[in-house]
There are 2 protein chains.
Amino acid sequence: MALEHAILVSLAERSASGYDLARRFDASIGHFWKASHQQIYKVLGRMESDKLVESHLVAQDGRPDKKVYAITTEGRSELTSWLVTPTPVEALRSEFAVKLRALHLSDRDAVLADVRRRREQHAAQLESYESSAAHYYPHPDRLDDDELGPWLVLRGGIIAEQAGLAWCDEILKELS
Amino acid sequence: MALEHAILVSLAERSASGYDLARRFDASIGHFWKASHQQIYKVLGRMESDKLVESHLVAQDGRPDKKVYAITTEGRSELTSWLVTPTPVEALRSEFAVKLRALHLSDRDAVLADVRRRREQHAAQLESYESSAAHYYPHPDRLDDDELGPWLVLRGGIIAEQAGLAWCDEILKELS
DNA sequence: GGTTGCATTGCAACTCGTTGCATAGTACGG
DNA sequence: CCGTACTATGCAACGAGTTGCAATGCAACC
């Protein structure tokens with residue numbers, strides 16, 4: 001139930017509608033935890049019956065009404081207790097690694113093309129993270145208290161993409 | 001349906017029972033694609049009705065009978081066509097990143113302890129990969145054709161663990 | 001005037017994977 | 001002789017996530 005907690009984190013920062021949350025997940029948090037709007041609406045519904053969040057309707061002009069969700073006291077205590085429980089290291093799960101392992105059964109050129117594609121995707125993602133970093137945190141040596149977390153997460157993304165890139169480069173070297 | 005393909009890869013190398021497969025997944029392939037025995041039995045059953053694999057019973061002495069699965073021609077062609085289709089880069093999904101993002105809502109010492117724990121796990125995994133590499137591939141500059149894939153996969157694991165380790169170290173530095 | 005796109009919420013059906021349980025024979029240590 | 005551990009297979013229930021579809025109403029573009 002990690003989406004539940006990701007939503008609590010997001011709502012603890014600011015109340016939002018399901019639609020807003022879906023957009024936030026497309027942007028910041030979503031770099032490390034994707035969620036579709038269907039999934040978000042479903043989980044929000046369950047969280048409301050569990051009293052972790054509460055909602056009220058907000059009329060808007062020129063747009064459909066929206067249902068703004070806020071975290072409850074119970075939600076906050078659930079969140080803080082989750083925050084201090086140790087996190088199991090998630091197993092890495094890579095379809096690409098399975099394919100690579102079967103290299104001797106496969107078509108070398110197809111694999112090469114695939115690796116090149118992946119390399120470009122990692123490079124693009126890395127660039128996007130780095131420009132986010134430069135834009136939002138121009139002075140990483142002087143961060144506010146509430147900036148440190150997001151900054152470290154961004155650093156994690158950068159490190160992961162660099163690793164992905166390095167792996168692709170190593171594969172390309174071996175295959176050429 | 002990636003487990004299906006991982007099983008096909010494994011059976012293409014050698015026929016095996018569900019139990020054997022579960023152990024293989026605990027060892028080599030499983031570093032990058034975990035699967036429980038329940039899951040494996042279930043998928044094997046479906047794959048048999050889909051004619052991707054076929055089984056026959058083998059009696060053993062002192063042990064229960066086993067059902068040995070072999071890949072079929074149809075399974076092989078499914079496998080080769082899967083091998084040449086491009087692989088989407090899997091989104092990274094990290095519960096830990098979500099927690100880290102909420103650092104300002106959290107208990108600094110609890111986070112520190114968690115990061116230290118994760119650091120140890122990455123270090124242990126890295127060491128295990130490196131000793132596998134040293135043991136199975138003592139001469140990485142001279143690899144057989146069928147060794148290159150597994151070697152590159154292992155390299156991917158090493159690179160990923162090093163990245164995980166580097167991230168932990170960076171977090172520890174910032175939090176101290 | 002028609003099409004496209006955005007904002008907003010949601011349902012239904014499905015796949016994938018996890019957890020817990022059941023069964024049964026053998027081997028081994030205390 | 002008893003408990004534990006290994007080999008071997010499987011079912012049932014559940015949770016998480018994906019895919020596809022649907023509705024409505026406004027704005028902007030051609």
[X] has an atom [atom1]; how far is it from atom [atom2] of [N], in whole Å?
X: B:F25; N: C:dT18; atom1: CZ; atom2: P; answer: 12 Å
X: A:I40; N: D:dT19; atom1: CD1; atom2: P; answer: 15 Å
X: B:Q39; N: C:dT15; atom1: CD; atom2: P; answer: 13 Å
X: A:L21; N: C:dA7; atom1: CG; atom2: C1'; answer: 15 Å
X: B:L57; N: D:dT7; atom1: CG; atom2: P; answer: 19 Å
X: A:K66; N: C:dG10; atom1: NZ; atom2: C1'; answer: 17 Å
X: A:K67; N: C:dA7; atom1: NZ; atom2: P; answer: 20 Å
X: B:L44; N: D:dT9; atom1: CG; atom2: P; answer: 9 Å

Between the side-chain atoms of A:Q38 and the base atoms of D:dG20, is any donor-acceptor pair under 3.5 Å?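 Check passes, donor-acceptor contact within cut-off.
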Any donor-acceptor pair under 3.5 Å joining the side chain of B:K42 to the base of C:dT15?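 When only heavy-atom distances are counted, B:K42 does not reach the base of C:dT15 through any donor-acceptor pair under 3.5 Å.
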Quick one: does any side-chain atom of B:R24 pair with a main-chain N or O of B:S10 as donor and acceptor, under 3.5 Å?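 A pair under 3.5 Å: yes.
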Without swapping roles, check the side chain of B:D107 against the backbone of B:D109 for a donor-acceptor pair under 3.5 Å.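 Present.
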Centres of the B:F96 and B:W167 rings: under 6.0 Å?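 Here the rings of B:W167 and B:F96 have centres that are less than 6.0 Å from each other.
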For A:H31 together with A:Y129, are the ring centres under 6.0 Å from each other?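 For A:Y129 and A:H31, the ring centres are under 6.0 Å apart.
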If you assign A:E4 and A:H37 each to the DNA chain D nucleotide with the nearest heavy atom, which residue ends up on the more 5' nucleotide?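 Comparing both residues, the 5'-ward one is A:E4.
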Base, sugar-phosphate, or nothing: which does B:Q60 touch, judged by heavy atoms less than 4.0 Å apart?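 The answer is sugar-phosphate, as B:Q60 gets under 4.0 Å only of primed atoms, P, OP1 or OP2.
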Is there a side-chain contact between B:R93 and A:E90 in this structure, where contact means two heavy atoms from C-beta onward sitting under 4.5 Å apart?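 With C-beta onward as the side chain, the pair stays apart.
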May I ask you to verify if any side-chain N or O of [X] is less than 4.0 angstrom from the OP1 or OP2 atom of [N]?
X: B:K34; N: C:dT18; result: no
X: B:Y41; N: D:dT9; result: yes
X: B:Y19; N: D:dT7; result: yes
X: A:W33; N: D:dA16; result: no

Earlier contact from the 5' end, DNA chain C, for B:S36 and B:R46: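 Result of the comparison: B:R46.
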Single-linkage hydrophobic cluster B:I40~B:I71, side-chain heavy atoms < 4.5 angstrom: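 Linked within one cluster.
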Apply the side chain to side chain donor-acceptor pair (under 3.5 Å) test between A:H122 and each candidate in A:R117, A:E127, A:Q162, A:E161; give the one that qualifies.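 With A:H122 as partner, A:R117, A:E127, A:Q162, A:E161 yield a single side chain to side chain donor-acceptor pair (under 3.5 Å), made by A:E161.
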Give, ordered by number, those residues of residues 81-93 of chain B having at least one heavy-atom distance below 4.0 Å to an atom of DNA chain D; if nothing qualifies, reply none.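 Heavy-atom contacts with DNA chain D come from B:R93.
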